[in-house]
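What follows is a short report on a single structure.
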Amino acid sequence: MSARVPAPLPRAFYARPTVAVARDLLGKVLVRRVGRRERRARIVEVEAYLGERDAASHARRGPTPRAAIMFGPPGFLYVYLIYGMYHCMNSITETDGVAGAVLIRAAAPLDGSDPTALRGPGKLCRGLGVTMVDKGTDLTIRSSGLYVADDGRSVVRIARSPRIGVDYAGHWAARHLRFFVPQHISVSGPRRNLK
DNA sequence: GCCACGATAGTG
DNA sequence: ACTATCGTGGCG
């Protein structure tokens with residue numbers, strides 16, 4: 001009688017400052033359904049992208065065709081193609097009209113399968129079958145087939161570091177906007193704080 | 001219309 | 001350290 005599957009996080013969860021959403025996404029469960037198959041994985045690594053003023057964010061050029069969705073209402077999925085061969089997935093944050101997104105970089109499978117299969121943003125999307133057709137998905141409804149839920153567990157400690165792959169972004173590259181579960185096998189790149 | 005360049009990952 | 005592979009957006 002208890003819901004075996006936790007409910008999707010509500011829109012209000014995403015309608016907050018991006019850094020708060022990023023931190024709070026750690027430990028949450030990513031639920032992906034394709035047909036009758038459902039996969040679940042715990043989010044262990046994310047990055048915050050703060051909008052127009054953030055030189056590392058796709059929103060830095062304003063609402064271009066690709067990034068316009070970042071300026072829209074929170075709780076929707078932003079997917080983009082990177083290096084012509086991988087996809088990356090983000091949840092939109094902040095209020096409608098204000099750009100912001102959290103890049104989900106890695107998750108730990110909850111079915112006991114290979115803990116490195118979803119390690120890194122490209123592998124995460126590949127492993128969950130997320131592509132451009134999923135851009136714009138509403139993450140707050142079950143019927144989307146892709147959502148984030150709270151199963152009651154929480155992360156004990158959160159580490160932070162500069163974001164990965166944004167060295168071109170001047171002083172924004174140095175800001176500690178990457179959040180992860182320290183020492184976790186499913187985290188990509190450095191698993192402890194640098195600096 | 002061009003074209004340099006990525007919020008990456010796998011191999012050497 | 002090198003590169004596969006292609007949409008995006010700056011430039012003009």
Side-chain angles (χ1 to χ4, degrees), chain A residues 14 17-26 28 30 32 41 43-72 74 76-94 98-109 113-137 139 146 148 158-181 184-191 193-195:
Chain A
Y14 300 98
T18 305
V19 167
V21 176
R23 293 180 60 97
D24 292 347
L25 277 173
L26 289 180
K28 297 295 189 294
L30 193 51
R32 171 58 160 170
I43 297 170
V44 294
E45 181 187 359
V46 300
E47 284 177 357
Y49 285 85
L50 306 190
E52 284 193 277
R53 67 184 196 280
D54 181 354
S57 172
H58 289 169
R60 67 188 181 277
R61 316 259 186 212
T64 60
R66 177 176 67 167
I69 191 172
M70 285 183 68
F71 291 77
F76 290 86
L77 193 73
Y78 169 43
V79 181
Y80 63 89
L81 180 65
I82 186 73
Y83 295 108
M85 59 189 100
Y86 295 105
H87 296 274
C88 292
M89 60 179 285
N90 305 249
S91 57
I92 307 301
T93 59
E94 307 283 347
V98 177
V102 175
L103 170 66
I104 304 177
R105 288 193 55 92
S113 59
D114 180 6
T116 69
L118 308 177
R119 189 170 73 184
K123 292 170 73 177
L124 177 65
C125 286
R126 187 181 67 190
L128 296 181
V130 173
T131 66
M132 290 307 293
V133 306
D134 298 297
K135 182 178 181 181
T137 293
L139 297 173
L146 182 62
V148 184
I158 296 175
R160 43 193 309 180
S161 79
R163 293 170 292 184
I164 292 176
V166 297
D167 293 346
Y168 60 84
H171 70 278
W172 280 95
R175 294 195 49 177
H176 286 44
L177 293 173
R178 170 176 176 252
F179 302 87
F180 58 99
V181 178
H184 200 290
I185 187 63
S186 297
V187 169
S188 73
R191 292 181 204 138
N193 301 43
L194 310 174
K195 165 108 175 48

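Each chain gets a letter, A, B and so on, in the order its sequence line appears, and its residues count up from 1. Predicted model only: the values in this text are computed from it and were never measured. Only heavy atoms go into these numbers, but all of them, side chains included; no hydrogens, no water, no symmetry mates.
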Using atom [atom1] of [X] as one end and atom [atom2] of [N] as the other, report the distance to the nearest whole Å.
| X | N | atom1 | atom2 | answer |
| --- | --- | --- | --- | --- |
| Met89(A) | dA7(B) | CE | P | 18 Å |
| Leu81(A) | dA9(B) | CG | C1' | 14 Å |
| Tyr49(A) | dG6(B) | OH | C1' | 11 Å |
| Leu124(A) | dA7(B) | CG | C1' | 13 Å |
| Arg60(A) | dC5(B) | CZ | P | 13 Å |
| Arg126(A) | dA4(C) | CZ | P | 18 Å |
| Asp167(A) | dG6(B) | CG | P | 10 Å |
| Tyr80(A) | dT8(C) | OH | P | 13 Å |

For this session: Counting heavy atoms from C-beta on, name the nucleotide in dT8(B), dA7(B), dA4(C) closest to the side chain of Tyr78(A).
Result: dA7(B)
Seminar exercise, completed: From the candidates dA7(B), dT8(C), dT8(B), the one with an atom nearest any side-chain atom of Arg66(A) is dT8(C)
What contact category does [X] fall into here, base, sugar-phosphate, or nothing, at under 4.0 angstrom with non-hydrogen atoms?
| X | answer |
| --- | --- |
| Arg163(A) | nothing |
| Leu103(A) | base |
| Arg178(A) | nothing |
| Gly84(A) | base |

Problem set entry | Which residue lies more 5' along DNA chain C, comparing Met132(A) with Ile82(A) via nearest heavy atoms | Ile82(A)
Problem set entry | From Ile69(A), Leu146(A), Ile92(A), residue fulfilling side chain to side chain contact (heavy atoms under 4.5 Å, CB included) relative to Leu77(A) | Leu146(A)
For this session: Could you check Leu177(A) against Tyr49(A) for side chain to side chain contact (heavy atoms under 4.5 Å, CB included), going step by step and ending with a plain yes or no?
Result: CA-CA 8 Å; Leu177(A) 293 173; Tyr49(A) 285 85; over 6 Å; no
For this session: Please check the phosphate of dG9(C) (OP1 and OP2 only) for any side-chain N or O of Thr64(A) closer than 4.0 Å.
Result: yes
Exercise. With respect to the phosphate group of dG10(C), does any side-chain polar atom (N or O) of Arg61(A) fall under 4.0 Å of OP1 or OP2?
Worked result: yes
Problem set entry | Rounded distance in Å between the C1' positions of dT3(C) and dA4(B) | 16 Å
For this session: Compare the ring of Tyr83(A) with the six-membered ring in the base of dA9(B) and state whether they stack (centres under 5.5 Å, planes under 30°).
Result: no
Flag side-chain contact, heavy atom, 4.5 Å: [X] against [Y]:
| X | Y | result |
| --- | --- | --- |
| Val46(A) | Arg105(A) | no |
| Phe179(A) | Glu47(A) | no |
| Ile164(A) | Glu45(A) | yes |

For this session: Could you pull out the closest heavy-atom pair between Ala59(A) and Ala99(A), with the gap in Å?
Result: CB-CB, 3.7 Å
Seminar exercise, completed: Closest non-hydrogen atoms of Ile43(A) and Val148(A), given as atom of the first, atom of the second and distance, are CD1-CG1, 4.2 Å
For this session: Could you tell me whether the side chain of Arg32(A) and the main chain of Gly129(A) form a donor-acceptor pair under 3.5 Å?
Result: yes
Problem set entry | Range-with-range stems of DNA chain C (Watson-Crick or G-U pairs under 3.5 Å, three or more in a row) | B:1-6 with C:6-11, B:8-11 with C:1-4
